[in-house]
Amino acid sequence: MRNQLIALTLVITVFVTGIHYTERSLNPDPSIWQMSPTFTMFNTTLRGNPEQIGVTAGAMEAGVSGQYQWYFWNQEQSLFGQPFQVMATNRKSAKQHLVFEGNIALPNRRPGMGPPRVIRTPSTFSLPTKGIWRLEAVVDGRKLGSVVVEVF
């Protein structure tokens, strides 16, 4: 009886530790899942990090394709024409999806004028399910930043 109790305690301990470890590995830092703030630039409401990355803000509906403009500040003009991807990760499942693939389309036509240099590019994509999603902007294999959004 004593050996069975010890074995049962060991199994429960391993099970609980495994759940805790799995949860921490799927969501290692809760702050990466905080909703990105909105801000206004160029008379447009954006979601992201001012002076770094932004994407046009608006309601995102699961399974419905939308058009979104991305903005990148303080980046080199050489990004024009480079491969651009949007990788989306769902908070609940930790599943990653490639939701857009294209090229940086719009060069900065007025370098050095107005706000710090900004490069923008359009994208069209949909996210498959409701919930919190982290959108990672990747240019030529290099992550430029991420934006956390809620999909309804």
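FYI, side chains are in, hydrogens and waters are out, and symmetry mates aren't considered; it's all heavy atoms of this structure. It should be emphasised that the depicted structure is a prediction, and the values quoted were computed from it without experimental measurement.
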What distance separates S65 OG from M60 CE, expressed to the nearest 0.5 Å?
10.5 Å
Apart from L98 itself, what residues make up its hydrophobic cluster when side-chain heavy atoms of I, L, V, M, F, W and Y under 4.5 Å apart count as a link, directly or indirectly?
M87, V138
Pairs where residues 121-140 contributes a residue and the test ring-ring contact (aromatic ring centres under 6.0 Å, His included) is met, not counting sequence neighbours
Y68-F125, H97-W133
Nearest heavy-atom approach of V151 to A62 is CG1-N, 3.3 Å
Let me know which of T56, V55, L46 forms a side-chain contact (heavy atoms from CB on, under 4.5 Å) with W70.
V55
Measure the spacing between OG of S123 and CD of Q85 and express it to the nearest 0.5 Å.
12.5 Å
Return the CG to OG1 distance between N90 and T129, rounded to the nearest 0.5 Å.
4.5 Å
Taking all heavy atoms of G48 and all of V147, pick out the closest pair and write down the distance.
CA-CG2, 3.9 Å
For residues 34-47, which residue pairs qualify under side-chain hydrogen bond (donor to acceptor under 3.5 Å, both in side chains), counting only residues two or more places apart or in two chains?
none
Measuring from atom OH of Y71 to atom OG1 of T121, what distance do you get when rounded to the nearest 0.5 angstrom?
10.5 Å
How long is the gap from CG on L79 to CD1 on I119, to the nearest 0.5 Å?
4.5 Å
For residues V64 and F152, determine if any side-chain heavy atom of one lies less than 4.5 Å from a side-chain heavy atom of the other.
no
Taking only residues two or more places apart in sequence or in another chain, which ones pass salt bridge (charged side-chain N to carboxylate O under 4.0 Å, His left out) with R134?
E136
Can you measure from CG (L127) to CD (E150) and round to the nearest 0.5 angstrom?
12.0 Å
When you look at F84 and F72, which way does the side-chain contact (heavy atoms from CB on, under 4.5 Å) test go after all the steps?
CA-CA 12 Å; F84 172 60; F72 306 102; 3.6 Å; yes
For N103, the side-chain contact (heavy atoms from CB on, under 4.5 Å) test, sequence neighbours excluded, returns P83
Would you find more than 12 non-hydrogen atoms of other residues, nucleotides or ligands less than 6.0 Å from K143 atom NZ?
yes
Might you point out which heavy atoms bring I104 and R120 nearest each other, and give the distance in Å?
CG2-O, 4.4 Å
Only counting residues at least two apart or in another chain, list the ones meeting side-chain contact (heavy atoms from CB on, under 4.5 Å) with P50.
F39
Applying side-chain contact (heavy atoms from CB on, under 4.5 Å), run through M35 and I132 and close with a yes or a no.
CA-CA 8 Å; M35 290 290 292; I132 305 296; 4.0 Å; yes
